[in-house]
Amino acid sequence: MEKISIDMLTANNVVIQKETFTEINGQTISLGVHRQGFDNSKTGRESAQENIPEPYLSAVLLIWGNEPTL
């Protein structure tokens, strides 16, 4: 199981946090957290589109608007 969170979303950047879980003997255990940042630049937007799943990508792009700020 994976939990995705949008962290620190601004007009210029965003950090996406993904935490992976497993269940062992009825208890949910975290296997680790991975954080990845994206800038609101041309290349940052391309990377975001490749790495951020929906509906999180749509939320980010709603705040970022139609044009890069960096």
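We count residues from 1, following the sequence as given.
- With sequence neighbours excluded, no residue forms a side-chain hydrogen bond (donor to acceptor under 3.5 Å, both in side chains) with Gln36.
- Atom CG of Leu70 sits about 8.5 Å away from atom CH2 of Trp64, to the nearest 0.5 Å.
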Just distance, no hydrogens or angles: give the donor-acceptor pairs under 3.5 Å from side chains in residues 9-17, sequence neighbours left out.
unit_1	atom_1	unit_2	atom_2	d
Thr10	OG1	Asn12	N	3.1
Thr10	OG1	Asn13	N	3.1
Thr10	OG1	Asn13	O	3.3
Thr10	OG1	Asn13	OD1	3.2
Asn12	OD1	Thr69	OG1	2.6
Gln17	OE1	Arg35	NH1	3.1

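- The side-chain hydrogen bond (donor to acceptor under 3.5 Å, both in side chains) test applied to Ser30 returns Glu19, not counting sequence neighbours.
- Glu67 meets the side-chain contact (heavy atoms from CB on, under 4.5 Å) test with no other residue; sequence neighbours excluded.
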Apply side chain to side chain contact (heavy atoms under 4.5 Å, CB included) to residues Arg45 and Asp39 and explain how you reach the verdict.
CA-CA 7 Å; Arg45 283 173 168 260; Asp39 288 330; over 6 Å; no
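- Residues forming a side-chain contact (heavy atoms from CB on, under 4.5 Å) with Leu62 (at least two apart in sequence, or on another chain): none.
- Criterion: ILVMFWY side-chain heavy atoms under 4.5 Å apart, direct or through other members. Under it, Ile4 and Val60 are part of a common hydrophobic cluster.
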Could you walk me through whether Thr43 and Ser41 satisfy the side chain to side chain contact (heavy atoms under 4.5 Å, CB included) test, starting with their C-alpha distance in whole Å, then the side-chain angles of each, then the deciding distance to 0.1 Å, before giving a yes or no?
CA-CA 6 Å; Thr43 57; Ser41 64; 3.6 Å; yes
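- Once rounded to the nearest 0.5 Å, the distance linking OG1 of Thr20 with NZ of Lys3 reads 12.0 Å.
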Report all side-chain donor-acceptor pairs from residues 46-58 shorter than 3.5 Å, counting only partners two or more places apart or in another chain.
unit_1	atom_1	unit_2	atom_2	d
Glu46	OE2	Lys42	NZ	3.1
Ser47	OG	Asn51	ND2	3.3
Asn51	ND2	Ser47	O	2.8
Glu54	OE1	Ser58	N	3.3
Glu54	OE1	Ser58	OG	2.6
Glu54	OE2	Ser58	OG	3.1

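- Taking Ile, Leu, Val, Met, Phe, Trp and Tyr as hydrophobic and joining them when side-chain heavy atoms fall under 4.5 Å apart, one finds Phe21 in a cluster with Met1.
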